[in-house]
Structures are given as C-alpha cells and as structure tokens.
> 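Pasting in a structure now, in structure tokens, and then I'll have a few things to ask.
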Amino acid sequence: MSSATSRMPVSLREGFNNVRKRSRAARSGGSNPLALGVGVLNLDLVRNIVFFLFLLRWTRRALWKLKGRGLIGTIVEAYIDTRRILYGIFLRLPGVRNQVKKQVDEAVTKLQGKLVPTNTTRYLTLPKQGWDQEAVRKELEALANMDHTRWEDGYVSGAVYHGEEELMKLQTEAYGKFTVANPIHPDVFPGVRKMEAEVVAMVLSLFNAPPGAAGVSTSGGTESIIMACLSARQKAYHERGVTEPEMILPETAHVAFRKAGDYFKIKVHLVACPAPTYQVDTRRVSRLINSNTVLLVGSAPNFPHGIIDDIAALSKLAVRNKIPLHVDCCLGSFLVPFLSQAGFESQLFDFRLKGVTSISCDTHKYGFAPKGNSTVLYRTQQLRQYQYFVDPAWSGGVYASPGIAGSRPGALIAACWASLMSVGEAGYLASCTQIVGTTKKLIEHIQTSPILSSELEILGNPLVSVLAFKSKALNIYDVADGMSAKGWHLNALQNPPAIHVALTLPIVKVWEKLAADLEAVVQEEQEKERVRVVQGGKAKGAAVGDSAALYGVAGSLPNKSVVVDLATGFLDILYKA
C-alpha cells in the first residue's frame, strides 16, 4: 500500500479494500451473472438514449436548416463555410502566417502614424503637482483644435447631428448643474430621476406606445439593442424554456445585434436584403422561424442604406408565431415619427403595429441630445423587467439595476432632458423638413446630373436622412478616397460596395458643395480609367487609397481573419498614449 493509503483512517481503508475485492471477484466471475447482465443492459439503455437524443437534436437542426435556407442555400452555405475554414488553415501555415503578420504590422504602423501624433507632449504619469486651472484650459483648447475633419463645416456624415452653438451652450449648463449626479441614488438626486422618467415617457409618446408601455434610458443605441435582445432571450427562457435561443435579422441590421448574439450566446440568422428594394426578404424570415426563435428584427431605417424594412409584414409574422419583434429606430430617432406630418412618404413601423414589442431610439442622434443618450422602449412593463438585474442576497445589500450599468452620469440625462424641452415638437418637425428635404434634393441631383446619373446608382428607396450609392463602372472605394482627399468624411460600405451619407443639420448647409465635389471626383476617376485602358491596363485598376485597399481586400477574402487582425490593431492604437 502506498504511503497515501497508509495514512487513511481504518474504516476508510477497510471500505477501500472491500471495493477492490468485489471488483476482482466480478472480473473472475464470482458475482451474480444476472446482476451483471442487468448492469450491462442498463448501461446499453443509457447509451442508446443518449445516442437517440444526439441524433434527434442534429436531425432537427438539419431539418430547420433545410427549411430555412432550402437545399441549394444549404449547399451554398456549406461551401462558403468550408472555403472559409480551408483558407483560414492556409493563412496559418508557417510561411504564409509570417508574411501576413508582416503586412498587417506594416498597415497598423501606418495607421498609428495617422492617429497618434508625434509632435505633441505625452502625459503618461500623473503630474507631481496639479496644474492650475488656466494651464488645464490652455491644454484643453489645444486638444480641441487638433487637426481633424471639419464637422463644424458640415463635412462629416452623421457623427454630429445638430452642432448649433446655442443648444450646446444650454446642454453644457445643464451638465454643469448635475455633474456629480448619479441615477443609482434617486433619493440623493431626485431631479435626475424625474428627468429620466420624463425623457422615456416623451419618447414612448412619440412612438405611439399603448397604455402600460415602459422603457429605460441607456448609454447609446448599442446598449439599447443589447438590452432588447437580453429581454427577448430571458422571456423565451422563462416562458417557454428555450435554452438554445436564436434570432432572425436582416443582413443590414445594426451590428449591435451580432454583438448581443456573441455576448448572450444567441444564434444569429442573417437574411438577405436583395435589390431592388434592399428590404429584408420576409419570406426567408418566415422559413427560418422555429421553436428556438426568440426575436425577429427590422430596421427603420437601417444604417448602411437608409432603407426601412417592411415592418408591417414582420409584425404579422411576429403575431402569427407569438415571437417578439424589435424595431431598431436608433438612426431614424426623431425624424421617422415626423415624416407624415412633414409631408414626406412614410410607412407604419411603431407600436401601432401589434407585433412590435420593443423599439430602440437614440435621443443623441436626431433628438440632438449629447452623446451617451438613448432609449429602449417595450410594449409592456413585464418585457422591460426581463432586462433588469436583481440580487437580493449580496452582502452589500439588496442590489437592483435596470440594465448593464450601475452608476450612470446624471449630467447626460439632464442635458438630454434640456435638449428635448428646448427643441420641442415644432423644432423637431422643422428639422425633419430640413434634413429629409435636403436628402431628397441630393438623391434627385444624383439621379438627374449627367455626370452622376451615368455612373452612380442609389440603393433602394431611402425615405429618411441616409442614402447610399454604388458605382456602375468605377471602383467606388476610389471615389470614397477621392472625397476624403477633398476633406469629406463619408462612410464606405461593403456587400455591396457602396458609399453612404447620413445628412445632418451641418450637412444641410453645404449639400450643394458635397454634390459638386462628388461630380468632380467621379470625373477624375473616369479620366483615370480612360487613361489606364488606353495604356493597355484593365478597367478598375489596383486600388491605391486607404478605403479601396481595406475594403477591396476584405471583399476578396473568403476568411476575414486578416481584417480582424487589422481592426484589432486599430482598437489597440486608440489606447496608445
């Protein structure tokens, strides 16, 4: 016996020896044959049950796949997955991996040179003695005036939605009055609690919420979407026992839904949004619904193309299958509710549709509140409660929070409330008229200009403030880089390659300059193509600009791990002091 066994108590040692004796007896045939046979049968039965459940699970998944994607779609998806896996293995081969890493490092170094200036003083540790306030103000002024794309002049798509000095001054005053406020202490800061509840109530009213509807404020559209996904997952788990949740969304839906799927282990089914409407294909959505589906999604409008999905059709599917439907109105925010009143084409998208159970709306976009403000709205209070976190047993006391965050900046809530109260219904109606009206002017110009209409094509029928266009012959990413060279900050898209513009109040003032520069860039790129062809080269020559290089490579790779590495390097650079 080993030394470990020799230190056992006598009773344990005897028991251990008895077990060994019985085991030897069983192996030598000394045990009851009937008992052994029953044991073997029981083991075989368990194995058969486990195998049957395994077979049932994967057979059901295969049938759902065939039902949702069809035979051809399933084969195509399997081919794409196989190609992606094999290409990933190829990229990990020693010689290839080293070469790819070298090129990625070079690209990241180039990017760092653009984002991290070397001609400024770096502060990597606390100052030994605190600066006087005038020195701090001077440094803040220098930081505010660092070389940047001039959003103040209307040269940035989206990002800054109002930017007028008078409103920013009011927001700054509101922020200053509640700098230390924290909604987690409603008894200490009752004014913040009141303002937050009123902001949610105002937005609920704007989206025609029924009696009993509820909502919460969040830090932005991503958090609003994530909370709606969490609520849907928890509802399905508690009410239907769903442990392998799935959600179905348009491929153009905001990437925050994919983030929620990753965070909360919800399987994501992406549905195509085919031309010419670029709306989600509701027939494919219907085929993908199964007993594990916890949420359907539609956009009003989506970020890439500015298209409002057929929310009415999605609502019918949601009602028929008793599944929650979330409408992402973060971008549409305070424009879409005013479309009809402003005399523009619109369609139903809010709580007037019975199937709509939740809506996300960013007050910090066309609600003109400071960044860090959004709302998520629910048809019922119970749906809202599914996103709550409550722990009654924590040693620090009973803990409850409405969402992910604990402490939150009450100052941002105050500035949001001040914005909504200052602009008012008449102000939002006027801004809708300005912004959407200008969007339609730009669309018309692209479609009627001899230079632009021959080369650019608007995607779908954008009804709000975002439009996207692709090129018929040119490399659209070269056009994007050409606009960047003229000082514009527009958004490059992929699948299909395109450019989008989100019009804001600053852009409204310079939209004609935008159109003129776009014409000039298109002409320049057309001339480059003519010269290239004359010299014996191919049309759509090698991309040389940053956008063209990045998206050209991304679109051609079956495995996106290289793009992931570049994006990861970019995120690391953001924290390079």
Side-chain angles (χ1 to χ4, degrees), residues 158-207 209 213-228 230-231 256 328-335 337 358-378 381 383-385 387-390 399-425 427-428 431 504-505:
V160 179
Y161 293 84
H162 192 280
E164 297 296 325
E165 185 176 348
E166 188 173 345
L167 181 59
M168 288 198 294
K169 183 178 179 182
L170 176 64
Q171 292 168 345
T172 303
E173 290 177 10
Y175 194 101
K177 288 183 181 297
F178 292 90
T179 301
V180 300
N182 186 349
I184 205 172
H185 304 295
D187 53 338
V188 181
F189 306 106
V192 170
R193 188 217 64 79
K194 180 176 183 293
M195 287 186 288
E196 181 171 27
E198 289 175 352
V199 165
V200 171
M202 290 181 213
V203 183
L204 282 167
S205 173
L206 199 59
F207 287 86
V216 300
S217 61
T218 68
S219 63
T222 291
E223 186 183 349
S224 292
I225 289 170
I226 285 176
M227 288 293 93
L230 175 63
S231 170
D328 175 25
C329 199
C330 287
L331 184 55
S333 58
F334 280 39
L335 291 182
S358 58
I359 298 175
S360 48
C361 170
D362 280 359
T363 44
H364 69 198
K365 285 193 173 72
Y366 294 102
F368 304 140
K371 278 290 184 268
N373 282 289
S374 180
T375 55
V376 56
L377 316 173
Y378 295 102
Q381 290 190 25
L383 286 170
R384 177 176 65 179
Q385 289 173 0
Q387 77 159 63
Y388 288 174
F389 176 81
V390 179
Y399 180 89
S401 69
I404 291 176
S407 292
R408 293 179 292 135
L412 282 177
I413 294 170
C416 177
W417 182 90
S419 302
L420 271 57
M421 297 299 287
S422 173
V423 178
E425 185 175 328
Y428 289 117
S431 67
T504 62
L505 284 179

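The structure presented is a predicted model; accordingly, all values stated were derived computationally and were not measured. Quick note: numbers below take in every heavy atom, side chains included, and nothing from hydrogens, waters or symmetry partners.
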> What heavy-atom pair brings Tyr378 and Ser358 nearest, and what distance separates the two atoms?
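Heavy-atom minimum between the residues: CD2-CB, 3.8 Å.
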> I'd like to check the ring pair (Phe, Tyr, Trp, His ring centres under 6.0 Å) partners of Phe334; sequence neighbours left out, ordered by chain and number.
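Per chain and number, Phe334 pairs via ring pair (Phe, Tyr, Trp, His ring centres under 6.0 Å) with Tyr428.
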> Which residues pass the salt bridge (charged side-chain N to carboxylate O under 4.0 Å, His left out) test with Arg408, not counting sequence neighbours?
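For Arg408 the salt bridge (charged side-chain N to carboxylate O under 4.0 Å, His left out) partners, ignoring immediate neighbours, are Glu196.
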> Just by modelled atom types, is the His364 backbone N or O under 3.5 Å from a matching donor or acceptor in the Lys371 side chain?
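Yes, the answer is positive, given that a donor and an acceptor are paired below the 3.5 Å cut-off.
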> Do the side chain of Thr179 and the main chain of Tyr175 share a donor and acceptor less than 3.5 angstrom apart?
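Checking the backbone N and O of Tyr175 against the side chain of Thr179, a donor-acceptor pair under 3.5 Å is found.
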> Extract all donor-acceptor atom pairs below 3.5 Å that involve side chains of residues 220-228 and protein atoms in other chains or at least two apart in sequence.
residue	atom	partner	partner atom	Å
Glu223	OE1	Ser219	N	2.9
Glu223	OE1	Ser219	OG	2.6
Ser224	OG	Thr218	OG1	2.7
Ser224	OG	Gly220	O	3.3
Ser224	OG	Ser374	OG	2.8
Ser224	OG	Thr375	O	3.2

> Quick check: closest heavy atoms across Val192 and Ala181, and the distance to 0.1 Å?
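Of all heavy-atom pairs spanning Val192 and Ala181, the closest is CG2-CB, 3.5 Å.
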> With side chains defined as the heavy atoms from C-beta onward, is the minimum distance between Ser419 and Pro370 less than 4.5 Å?
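With C-beta onward as the side chain, the pair touches.
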> Do Ile184 and Ser401 have side chains that approach each other closer than 4.5 Å (heavy atoms only, starting at C-beta)?
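Not touching, per the 4.5 Å side-chain cut-off.
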> Locate the shortest heavy-atom distance separating Ser422 from Leu170; write the atom from each residue and the value.
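Here Ser422 and Leu170 meet closest at CB-CD2, 3.6 Å.
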> With rounding to the nearest 0.5 angstrom, report the OH to CD distance, Tyr388 to Gln381.
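These two atoms lie 7.0 Å from each other.
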> Fit a plane to each ring of Phe368 and Tyr366, take the angle between them on a 0 to 90° scale, and name the class: parallel (under 30°), tilted (30 to 60°) or perpendicular (over 60°).
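If you compare the ring of Phe368 with that of Tyr366, the planes turn out perpendicular.
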> Taking salt bridge (charged side-chain N to carboxylate O under 4.0 Å, His left out) as the definition, give me every residue that meets it alongside Glu425, ordered by chain and number, with sequence neighbours left out.
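Expected list: none.
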> I need the Met202 CE to Cys361 SG distance, nearest 0.5 Å.
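Going from CE on Met202 over to SG on Cys361, the span is 13.0 Å.
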> List in chain and number order the residues that pass salt bridge (charged side-chain N to carboxylate O under 4.0 Å, His left out) with Lys194, two or more places apart in sequence or in another chain; answer none if no residue qualifies.
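Testing Lys194 for salt bridge (charged side-chain N to carboxylate O under 4.0 Å, His left out), a comparison that skips the adjacent residues, returns Glu198.
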> Please examine the side chains of Val160 and Thr504, heavy atoms only from C-beta on, and report whether any two atoms are closer than 4.5 Å.
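Heavy-atom side-chain distance check fails, nothing below 4.5 Å.
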> Indicate yes or no: at least one non-hydrogen side-chain atom of Val180 is less than 4.5 angstrom from one of Phe189.
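A side-chain contact exists here, since the closest heavy-atom pair is under 4.5 Å.
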> Would Leu167 and Lys169 count as a side chain to side chain contact (heavy atoms under 4.5 Å, CB included) here? Give the steps.
CA-CA 5 Å; Leu167 181 59; Lys169 183 178 179 182; over 6 Å; no
> Could you check whether Asn373 and Thr363, counting side-chain N and O atoms only, form a donor-acceptor pair closer than 3.5 Å?
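Note: Thr363 and Asn373 side chains miss the donor-acceptor criterion.
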> Are Ile413 and Pro183 packed together at the side-chain level, in the sense that at least one heavy-atom pair is separated by less than 4.5 angstrom?
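Ile413 vs Pro183: side chains touch.
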> Identify the heavy atoms of Ser407 and Asn182 that sit nearest to each other, and give their distance.
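It is OG-ND2, 2.9 Å.
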> Where the side chain of Thr172 meets the backbone of Met168, is there a donor-acceptor pair that is under 3.5 Å apart?
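Confirmed, Thr172 side chain pairs with Met168 backbone.
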> Please report the shortest heavy-atom distance between Gly367 and Ser333, naming the atom on each side.
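Minimum heavy-atom contact is N-OG, 4.2 Å.
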> For Glu164, give me all partners under salt bridge (charged side-chain N to carboxylate O under 4.0 Å, His left out), at least two apart in sequence or on another chain.
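Only Lys509 meet the salt bridge (charged side-chain N to carboxylate O under 4.0 Å, His left out) criterion with Glu164.
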